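No experiment lies behind these values; they were computed from the predicted model shown. When a residue number appears, it is its place in the shown sequence, counting from 1. In what follows, every heavy atom counts, from backbone to side chain, and hydrogens, waters and symmetry copies are set aside. Note that ligands are numbered from 1 as they come in the structure, with each ligand's atoms numbered from 1 the same way.
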Amino acid sequence: MKMKIHSIGSRLFLAFALALAVVFCGDVFTFMELRKTEQIAQLVTTSIVPKRQIWNDIKALSNQHFVLSKQQLQTNDFRELARIKTAIKETELSLFVEQVSLSSLGLTNRESDDYDAFQNHMQTYLMEAATALNKLNSGQYKIAYSRFDKTAKTSLKRALAKIESSIETINREHAQANLAHRASINQSKRMMVISFILLFLTFIALLRWITIRISNPLLNLSSTLRCLTEGNYLTRIPDFPDRKDEIGVITNAAKAYQEVAQRRLELSKVVEREAKRLDAVLSNMPVGLCIFDQNFRIILKNQSFNELYELDQADDQANQKYCELIGATIRKNLDGASEEMSCHDLITKVRSNQSFAHTWRLDNGRAISVTIQKTSEGWVSIHKDITERLNAEAKVLHMAHHDSLTGLFNRNLFADTLENVIRRAKDGEAASVMVLDLDRFKSINDTLGHKAGDELLQQVAIRLQEVCSPGDLVFRLGGDEFAIIHHSNDIHASSRTLAEAILAILEENFILEGQTVSAAASIGIAIAPDHCETTDGIYKAADIALYHAKNMGRKCFAMFTTKLEEDIRAKESLEKYMLEAFNKSEFQMQYQPIIDTDSGEVRSFEALMRWNPMDDTAVSPALFIPLAEENGFINTLGEWALEEALKTAANWPDDIRVAVNLSPVQLNDETLYDTVSNLLNKYQVEPQRLELEITETVLLDDNAANIKLLERLHDLGVRIALDDFGTGYSSLSYLRMLPFDKIKVDRSFIKAMGNDNNSLAIVRAIVGLSRELGIDCTAEGVEDKKRLKAIESEGFSEVQGFVFSKAMHADALMDFLEMTEYRGRIAS
Ligand code: C2E
Ligand code: CA
Ligand code: CA
């Protein structure tokens with residue numbers, strides 16, 4: 001919006017114009033009055049005074065004419081007469097001239113009338129005078145005298161009276177002109193005074209207006225502006241809210257300047273504050289910062305930079321160049337020729353406008369990361385001490401690839417290494433992957449404690465490294481699982497040799513926490529590329545071989561074969577069909593009698609599970625039970641077996657018990673107790689008639705909970721038997737853990753008894769112990785009479801084996817009981 005400005009210039013112009021107008025008007029009036037005065041004066045000098053003069057002359061000439069005419073009448077002297085005549089003639093001429101002059105002066109009407117009347121009277125006089133003279137000349141003296149004295153004189157008197165009247169009129173006019181003249185002079189004097197006063201007043205007003213409206217505000221403003229320029233931005237600027245002229249504009253400009261100045265002041269305070277902060281940040285930041293311009297001149301260098309390179313701030317030179325600083329000072333701190341090279345590289349790169357990033361190793365061992373970045377105004381170089389970080393990273397890297405307990409490589413690195421193995425195998429460099437499991441780690445850990453377990457793992461790691469060649473890599477994959485990657489030209493033979501050496505060295509006793517402990521291992525071996533050409537595959541192959549080695553009875557190694565893999569596949573497919581088979585009622589319980597050695601009577605039947613697929617041969621429980629344990633299906637199977645066994649046993653004589661095998665997995669299920677007691681109730685079987693067979697692994701896995709559950713079942717009246725004694729660790733200490741009702745010595749022990757004196761001694765000890773404890777001791781897997789005899793002499797209370805019967809269908813049991821033949825078998 002355009003603002004209408006009533007400027008001081010325009011106002012001043014108006015004011016001066018007004019003053020000028022006042023002066024002009026005064027002058028015009030004065031001039032007019034003066035002109036009038038002049039006209040009056042002119043009238044007096046050119047008309048009134050000459051007219052009066054002429055009238056006076058005419059009057060004198062008229063009187064002179066009368067005197068002369070009278071003399072003419074009276075004189076007789078010729079000579080005199082002649083002179084008189086001449087004088088009369090001259091007087092008349094003068095009269096004529098005067099009259100002509102008078103009429104040329106321009107007469108007023110009244111004057112004209114008077115003049116005309118004068119002329120008439122004068123004419124009459126002159127004619128009468130002339131007549132009198134003529135009469136005289138004719139000698140009529142009397143008539144002449146009388147005519148002259150009477151008629152002529154009267155006319156002259158009349159004429160003179162008119163002259164007097166005219167002079168009087170002229171005198172009056174003169175007096176009036178004088179009056180008018182004086183009045184006019186006075187008027188012009190007044191006008192001059194008035195216009196002067198007006199002019200004076202105008203100037204005074206103008207002066208005052210200029211003072212109040214211009215000078216004072218300008219003075220105020222100028223002192224305010226001086227304050228502002230002196231930095232006193234809070235000074236009060238005079239307020240002229242309604243002024244839109246130059247003062248208003250200057251005031252607004254001053255206010256705007258004040259606002260800007262205040263803002264600038266605030267801004268400068270903020271900038272100052274920020275600068276202080278930035279300064280604080282720069283000097284306290286943990287990285288060395290050096291900023292330099294396009295010409296490589298150092299603009300800024302913080303404290304950390306100096307500290308990093310042990311520079312003294314006092315040595316800072318003006319206009320010092322970055323490259324020179326690096327070249328001269330920092331280079332001295334660098335360790336080794338390659339770092340020198342990188343310093344040279346930095347200087348070259350900066351000179352050719354390129355960024356730079358590198359880590360320098362200094363003489364004092366510190367690692368400095370150096371980055372130089374181009375900016376619009378030069379360069380920023382950041383020098384950071386990353387020694388701690390590099391150390392930590394190295395540690396993390398070590399931790400990422402090493403097992404913290406044994407210091408061996410870990411599973412992460414194993415996976416990476418396998419990739420390498422496969423790649424190199426494809427290039428013709430064969431390698432074997434050996435996976436190793438300690439056979440007794442869990443029991444050692446449980447019995448001797450975790451510290452001993454850790455110590456065992458550490459000692460195993462040392463032994464493994466000792467036995468391996470320098471090119472072999474030893475890993476701990478987790479728990480008691482180790483792996484070795486072995487390289488050799490004759491990989492098959494050398495892998496076997498190494499495996500044997502490992503087994504041998506691990507079979508040697510360990511001293512853990514002052515105790516001598518034996519801990520053997522099982523090893524699975526797979527060879528790349530012969531057995532597999534993928535990373536996953538080669539590890540899986542070694543694992544399959546390990547699984548096989550464990551199945552072979554541990555303390556041995558197994559080499560991967562495709563047959564093993566097929567078995568595993570078969571196992572997997574078996575697992576897949578197990579549930580289907582169960583729903584199709586392909587499972588069945590059979591019962592094997594257990595005979596009392598004294599009476600030869602059937603004491604109990606052990607319920608053994610059978611899987612007879614409709615269109616295939618029977619699957620061994622030794623195959624499907626572990627599978628069901630692995631996938632958890634054993635809980636369903638176990639419960640079903642218990643119900644089947646109790647349902648069947650309900651029909652047997654009251655003195656014949658039923659033994660049901662319990663998987664360790666089932667003992668992890670807290671509902672087992674309720675299941676057992678409910679089923680006992682359901683089929684009205686006395687708890688004492690139920691015997692639950694557990695293996696010692698139950699006691700290994702989760703001692704407290706399992707033992708508690710078994711104790712509760714025992715309290716219910718159910719009998720607990722320790723099955724397969726002699727296959728596992730066979731520690732007699734287990735017997736103290738639970739109030740067992742029976743120990744079943746494993747078939748392998750019974751078998752070995754005949755050939756191995758150690759086994760015999762152990763069997764005798766077990767039998768003796770069970771007798772002392774007052775519990776039953778059953779010999780399992782007695783196949784023939786010879787063995788039966790040997791058993792009898794060792795004092796077993798019960799016998800179980802093919803010598804009496806294999807497991808039978810429930811329907812066949814009654815017939816079996818009625819048969820007396822089996823008694824005789826014991827007796828004979
Ligand atoms: P186990 O508990 O030791 O069962 C005895 C095994 O020895 C049975 O094998 C039986 O047939 C076999 N046997 C008995 N007398 C002789 C003999 O004189 N000579 C030979 N060579 N073998 C004999 P089976 O039925 O094949 O069972 C194998 C294992 O499967 C059982 O060993 C047991 O651990 C498990 N098992 C069987 N049924 C069940 C069950 O219902 N539940 C659970 N958890 N495990 C079961
Ligand atoms: Ca059993
Ligand atoms: Ca057994």
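Only the side chain of Asp723 comes within 4.0 Å of ligand 1, counting heavy atoms alone; its backbone N, CA, C and O stay farther away. At a 4.0 Å heavy-atom cut-off, ligand 1 does not touch Lys806 at all. Proximity of Glu606 to ligand 1, defined as any heavy-atom pair under 4.0 Å, is confined to the side chain (atoms from C-beta onward). In Val803, neither the side chain nor the backbone holds a heavy atom less than 4.0 Å from any atom of ligand 1.
Near Met609, the atoms of ligand 1 lying under 4.0 angstrom from a non-hydrogen atom of the residue are 37 (C), 38 (N), 39 (C), 41 (O).
No side-chain N or O of His548 forms a donor-acceptor pair with one of Asp567 less than 3.5 Å apart. Checked by atom type, the side-chain pair Gln590/Gln588 shows a donor-acceptor distance below 3.5 Å.
Of the candidates Phe587, Trp611, Phe802, it is Phe802 that places a heavy atom closest to atom 23 (C) of ligand 1.
Geometric assessment of Lys550 against the ring of Tyr547 yields a negative cation-pi assignment under the 6.0 Å and 45° thresholds.
Counting just the N/O/S atoms of Glu606, the one with the shortest distance to the Ca ion (ligand 2) is named OE2. Looking at Asp723 and the Ca ion (ligand 2) together, the shortest N, O or S contact belongs to OD2.
At a 3.5 angstrom cut-off on N or O pairs, Asn661 counts as close to ligand 1.
Within the 4.0 Å heavy-atom cutoff, Gln590 does not count among the residues contacting ligand 1.
Side-chain N or O atoms of Gln666 include one that pairs as donor or acceptor with a backbone N or O of Ser663 at under 3.5 Å. The backbone N or O of Gly479 sits less than 3.5 Å from a side-chain atom of Arg476, completing a donor-acceptor pair.
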